[in-house]
There are 2 protein chains.
Amino acid sequence: MQATIGTGATGWEADDRNRSIGELAEEFGLTHRTIRHYEDEGLLSPTRDGQTRVYSHRDRARLVLICRGKRLGFSLAEIKEFLNLYDTGDAQIEQMRYAQSLARQRIEALERQLQDVQQTLKELRHFDIQISEHLRRNGTTETQPMEEKLS
Amino acid sequence: MQATIGTGATGWEADDRNRSIGELAEEFGLTHRTIRHYEDEGLLSPTRDGQTRVYSHRDRARLVLICRGKRLGFSLAEIKEFLNLYDTGDAQIEQMRYAQSLARQRIEALERQLQDVQQTLKELRHFDIQISEHLRRNGTTETQPMEEKLS
DNA sequence: CCCTTGGTTGACGTTTACGTAAAGGTAAGG
DNA sequence: CCTTACCTTTACGTAAACGTCAACCAAGGG
């Protein structure tokens, strides 16, 4: 079966060549240290050219998921588990069942998170509008240098 | 003006009484330590009865937002800034402008997060379906104790 | 040959978000 | 009076996720 992952339908996923740690760091706005840390934690496993790390397209795809996971507030351990879901590859039936159950747990967690985000967005937009209205009622449409207050 | 916050339209926001730290901890599934920590960090400021903390309805509402912020992966510092948005109360025009700009930054961040969540959900659901189909093709609809494999 | 650029491995430091004792105050109940 | 339950402060401990040296190798340019 081989479930494919990430970077689909983004349009420009060409440029399939291998990267050095520096290039990857540059591209993702991370430090070398951070990327090596992800390797220490088992989230990445680049090949080596001598002792130099070589990051394949697959490593890069994983890094995309790692960064997204981070933005969503997941711990590296959780992200690792998440990544392991995908590279299960062709596996035993039981392993696939297990992976599926993990995936479903993740889905449920993300659905809750979706609710949280939407709720917070709703409140913040309401807040924004309240302020805008307040400011409009009190004049001062744009930041003005001097304005007499009706005291 | 006074922007109201949280627990609106939840239906049952009655039970307006004050709570002890123990009750709050119980209700939110937190430890005493955690709640006091939030106070140390300036996220809560309960009144005191003697030296015992007394949590008002407002404190409880803030705690709702704190927990949600945590689920969304925000740091306590960020959540504090967020809370300060709301209790600006009646403020100077300039302060309100500032609060509004902060709110809008938050909104943008949350919109990005929303994209992340939706993208991840999409991928996970796709993954889930792929596994389901794979399992269906290979029989074993339910976890079976014994089944001969067509080798 | 030396220097710069870019890679490497330790290994200790730091921040965040609490956990976990230690030691004690207070009010209710037996 | 003693215990129990619930609260308090002070303070050190810890796990996660890196930051920050230090010391090193290697390839290429001047």
Side-chain angles (χ1 to χ4, degrees), chain A residues 17-57 59-60 62-84 106 109 113 116, chain B residues 17-56 59-60 62-84 106 109 113 116 120:
Chain A
R17 80 175 190 291
N18 292 339
R19 288 134 205 276
S20 69
I21 193 170
E23 292 168 319
L24 222 59
E26 172 74 13
E27 177 177 357
F28 286 86
L30 304 172
T31 67
H32 301 54
R33 177 66 177 87
T34 298
I35 295 179
R36 280 191 214 104
H37 181 60
Y38 293 160
E39 184 176 347
D40 289 343
E41 299 298 316
L43 302 190
L44 292 175
S45 38
T47 56
R48 299 286 179 129
D49 171 19
Q51 96 175 334
T52 303
R53 274 163 258 247
V54 176
Y55 295 88
S56 69
H57 171 71
D59 294 313
R60 195 176 154 286
R62 291 172 74 93
L63 197 44
V64 169
L65 296 184
I66 293 172
C67 291
R68 202 160 66 203
K70 292 242 65 185
R71 288 198 300 274
L72 297 181
F74 288 101
S75 71
L76 293 188
E78 289 170 315
I79 293 172
K80 178 178 180 179
E81 194 186 44
F82 176 87
L83 288 172
N84 289 339
R106 280 300 166 85
Q113 190 163 349
D116 283 337
Chain B
R17 79 175 190 292
N18 292 337
R19 288 134 208 274
S20 69
I21 193 170
E23 290 167 321
L24 222 58
E26 172 74 14
E27 179 178 356
F28 287 86
L30 303 172
T31 66
H32 300 54
R33 176 67 177 90
T34 297
I35 294 178
R36 279 193 282 262
H37 181 60
Y38 293 160
E39 184 176 349
D40 289 342
E41 300 297 316
L43 303 189
L44 293 175
S45 38
T47 55
R48 300 284 180 130
D49 173 18
Q51 98 174 332
T52 303
R53 275 164 257 250
V54 176
Y55 295 89
S56 69
D59 294 312
R60 195 177 154 284
R62 290 173 73 92
L63 198 44
V64 169
L65 295 184
I66 293 171
C67 291
R68 203 160 64 202
K70 292 240 64 184
R71 288 197 301 273
L72 297 183
F74 288 100
S75 71
L76 293 188
E78 289 170 316
I79 294 172
K80 179 178 179 180
E81 193 186 45
F82 176 88
L83 288 172
N84 289 340
R106 280 302 165 84
Q113 188 164 352
D116 283 337
T120 308

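Worth knowing before you read on, the calculation uses all heavy atoms, side chains too, and leaves out hydrogens, waters and symmetry mates. Bear in mind that the values here come from a model prediction, so they are computed numbers and not experimental data.
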Checklist entry - So, does B/Glu41 use its side chain to make a donor-acceptor pair with the main chain of B/Ala77 at under 3.5 Å? => result no
Item to check | Closest to the B/Gln51 side chain, choosing from D/dT8, C/dG19, C/dA17 | outcome: D/dT8
Checklist outcome for this item: To the nearest angstrom, the CD-P distance between A/Glu26 and C/dG7 comes to 11 Å
Next on the checklist: Return whichever of B/Ser75 or A/Gly22 has its heavy-atom-nearest nucleotide of DNA chain C closer to the 5' end.
Outcome noted: A/Gly22
Checklist entry - So does A/Arg60 pair up with A/Glu23, basic N to acidic O under 4.0 Å? => result no
Checklist entry - Separation of B/Arg19 atom CZ from D/dC6 atom P, in whole Å? => result 17 Å
Checklist entry - Do the side-chain N and O atoms of A/Asp59 and A/Ser56 include a donor-acceptor pair separated by under 3.5 angstrom? => result yes
Item to check | Gap between atoms CG and C1', on A/Asp49 and D/dA27 respectively (whole Å) | outcome: 12 Å
Item to check | Any A/His32 side-chain N or O less than 4.0 Å from OP1/OP2 of C/dG6 | outcome: no
Item to check | Presence of salt bridge, B/Glu39 and B/Arg48, under 4.0 angstrom | outcome: yes
Item to check | Residue A/Ile21, side-chain atoms from C-beta onward, closest of C/dT8, D/dC7, D/dG19 | outcome: C/dT8
Next on the checklist: Measure OH/A/Tyr55 against P/C/dG6 and give the value in whole Å, please.
Outcome noted: 16 Å
Checklist entry - Can you tell which of C/dG7, D/dC7, D/dC18 lies closest to the side chain of A/Thr52? => result C/dG7
Item to check | Pairs where residues 70-80 of chain B contributes a residue and the test salt bridge (charged side-chain N to carboxylate O under 4.0 Å, His left out) is met, not counting sequence neighbours | outcome: A/Asp116-B/Arg71
Checklist entry - Contacts to DNA chain D from residues 33-48 of chain B, heavy-atom cutoff under 4.0 Å, which residues? => result B/Arg33, B/Arg36, B/Arg48
Next on the checklist: For D/dA17 and A/Lys70 - does any side-chain N or O of the residue sit under 4.0 Å from the phosphate oxygens OP1/OP2?
Outcome noted: no
Checklist entry - Excluding sequence neighbours, so at least two apart, what forms ring pair (Phe, Tyr, Trp, His ring centres under 6.0 Å) with A/Phe74? => result none
